[in-house]
There are 2 protein chains.
Amino acid sequence: MADVNVSSLPISPKQGQKTDDSQGNEGIPAVELIELLFFAYRDFVGDADELLARLGFGRAHHRVVHFVNRHPGMRVADLLAVLKITKQSLGRVLRELVDNGYVVQKAGDSDRRERLLYVAPKGEELARQLVALQTRRFARALNECGPGARDAARKFLASMIDPEQRAEVERLIANANGKK
Amino acid sequence: MADVNVSSLPISPKQGQKTDDSQGNEGIPAVELIELLFFAYRDFVGDADELLARLGFGRAHHRVVHFVNRHPGMRVADLLAVLKITKQSLGRVLRELVDNGYVVQKAGDSDRRERLLYVAPKGEELARQLVALQTRRFARALNECGPGARDAARKFLASMIDPEQRAEVERLIANANGKK
DNA sequence: AAAATAAGTCAATATGGCTGACGTAAACGT
DNA sequence: ACGTTTACGTCAGCCATATTGACTTATTTT
């Protein structure tokens with residue numbers, strides 16, 4: 001599968017551009033971390049792509065199914081805010097998911113203008129499979145890193161989020177987890 | 001900028017779906033890590049987007065400038081292998097970068113069919129600015145996580161890469177770092 | 001009754017991918 | 001020396017995902 005031949009690239013003439021920042025975190029130029037995150041994320045999303053492609057879906061459908069599954073009854077406006085896309089962009093994707101029986105919409109109880117979003121059984125199963133795929137990658141990686149890696153990764157990833165947005169994301173996750 | 005209103009999403013009825021995997025890494029459902037990585041990566045690439053947009057460039061240009069800067073003299077075929085895109089997809093992006101004086105091409109010395117890629121001063125400056133932006137995010141995050149976070153993050157990110165691809169990525173990074 | 005809100009839709013456009021087909025120049029193999 | 005392969009580029013057409021702007025419909029709010 002996609003066996004590339006990147007061997008023997010020329011060696012960069014400029015030696016390790018440190019750009020360092022103390023605080024007990026010296027020694028690894030940040031550009032290295034930047035590239036690792038790039039490759040890690042590419043493989044991370046790649047897990048889901050094959051499964052989605054077999055259903056005729058793309059990453060946009062993935063995101064919708066995932067968040068609707070995690071937040072049953074969310075409004076369209078909420079979904080737009082989470083995904084940070086426009087309503088026109090969501091339109092086609094949501095319609096396809098509804099038409100194919102992955103997502104259902106119900107008018108709001110107190111406000112009947114709202115179309116509350118829920119996953120149908122098909123959608124829940126798809127979301128479950130997608131989470132399972134990506135969970136497997138995390139499990140493998142964290143096992144390789146040894147004990148404590150999970151907490152460290154959680155803290156690191158949260159810290160990478162824009163400070164102004166972090167509280168909101170944490171709230172989102174806590175809500176979906178059932179706020180235990 | 002983009003102040004969303006995601007407050008008060010409904011609470012998920014199904015409690016924390018553990019999907020756990022022992023090894024001293026219990027306690028955080030993987031779905032939480034999945035979402036944190038999603039949001040972290042979105043903000044991570046978002047850093048560059050604004051700067052690129054001002055130049056009329058997109059993420060595709062970012063990747064090209066970055067890797068050409070890190071691997072001066074790389075061949076077009078090497079770049080295609082790293083980015084895993086087709087030569088037709090690269091075509092327009094590379095042409096724009098060359099036309100606007102960010103990247104230069106030189107015929108190979110021993111094989112004159114090759115068009116070796118180099119950043120022009122303009123391209124080097126752009127690459128530097130982009131790395132600086134993303135370095136700033138890493139520095140802030142790692143400082144928040146305390147000592148040792150850098151090594152932990154490096155190990156974690158590397159472990160998230162497909163095992164079959166990891167050696168190749170490590171080689172790529174080592175080469176660019178000057179193989180010290 | 002008027003205004004604001006939630007959602008959906010139409011149209012046009014941009015970006016970044018893809019496949020297939022073809023062309024050119026240079027290197028390689030027999 | 002000739003034919004094949006390689007490295008690169010390009011034309012044409014397609015798809016997926018996103019954008020902005022304008023407009024409609026239903027419903028709630030004021």
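A, B, ... follow the sequence lines: proteins, then strands. Residue 1 opens every chain.
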Ring pair (Phe, Tyr, Trp, His ring centres under 6.0 Å) partners for A/Phe38, two or more places apart: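 Listed in chain order: B/Phe67.
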
Contacts of type ring pair (Phe, Tyr, Trp, His ring centres under 6.0 Å), residue A/Phe156, not counting sequence neighbours: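 In terms of ring pair (Phe, Tyr, Trp, His ring centres under 6.0 Å), with neighbours along the sequence ignored, A/Phe156 is linked to no residue.
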
Expressed as a whole number of angstroms, how long is the span from B/Leu97:CG to C/dT15:P?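 Taking CG of B/Leu97 and P of C/dT15, I get 13 Å after rounding.
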
Could you tell me how far apart A/Arg112 (CZ) and D/dT29 (P) are, to the nearest whole angstrom?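 Rounded to whole Å, this separation is 12 Å.
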
Any pair with a residue in residues 131-149 of chain B that passes salt bridge (Lys or Arg N to Asp or Glu O under 4.0 Å), sequence neighbours left out, goes on the list, sorted by first then second residue, please.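 Passing the test, one end in residues 131-149 of chain B: A/Asp162-B/Arg137, A/Arg166-B/Glu144, B/Asp47-B/Arg137, B/Arg140-B/Glu144.
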
Only counting residues at least two apart or in another chain, list the ones meeting salt bridge (Lys or Arg N to Asp or Glu O under 4.0 Å) with B/Arg42.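 For B/Arg42 there are no salt bridge (Lys or Arg N to Asp or Glu O under 4.0 Å) partners, ignoring immediate neighbours.
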
With A/Arg113 via salt bridge (Lys or Arg N to Asp or Glu O under 4.0 Å) - residues at least two apart: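 By the salt bridge (Lys or Arg N to Asp or Glu O under 4.0 Å) rule, A/Arg113 matches A/Asp111.
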
I'd like to compare against my own output: the B/S/- annotation of nucleotides 7-19 of chain D with a strict under-4.0 Å heavy-atom distance to protein. SBBBB----SBBB

I would like to know whether A/Asp109 and A/Leu116 meet side chain to side chain contact (heavy atoms under 4.5 Å, CB included); could you show each step before the answer? CA-CA 9 Å; A/Asp109 221 36; A/Leu116 306 186; over 6 Å; no

Any pair counted as ring-ring contact (aromatic ring centres under 6.0 Å, His included), so long as it reaches residues 86-137 of chain B, sequence neighbours left out: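 For residues 86-137 of chain B: B/Phe57-B/Tyr102.
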
Contact residues, residues 34-49 of chain B to DNA chain C [heavy atom, < 4.0 Å]: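 Heavy-atom cutoff 4.0 Å gives no residues at all.
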
Just distance, no hydrogens or angles: give the donor-acceptor pairs under 3.5 Å from side chains in residues 91-99 of chain B, sequence neighbours left out.
from	atom 1	to	atom 2	distance (Å)
B/Glu96	OE1	B/His61	NE2	2.6

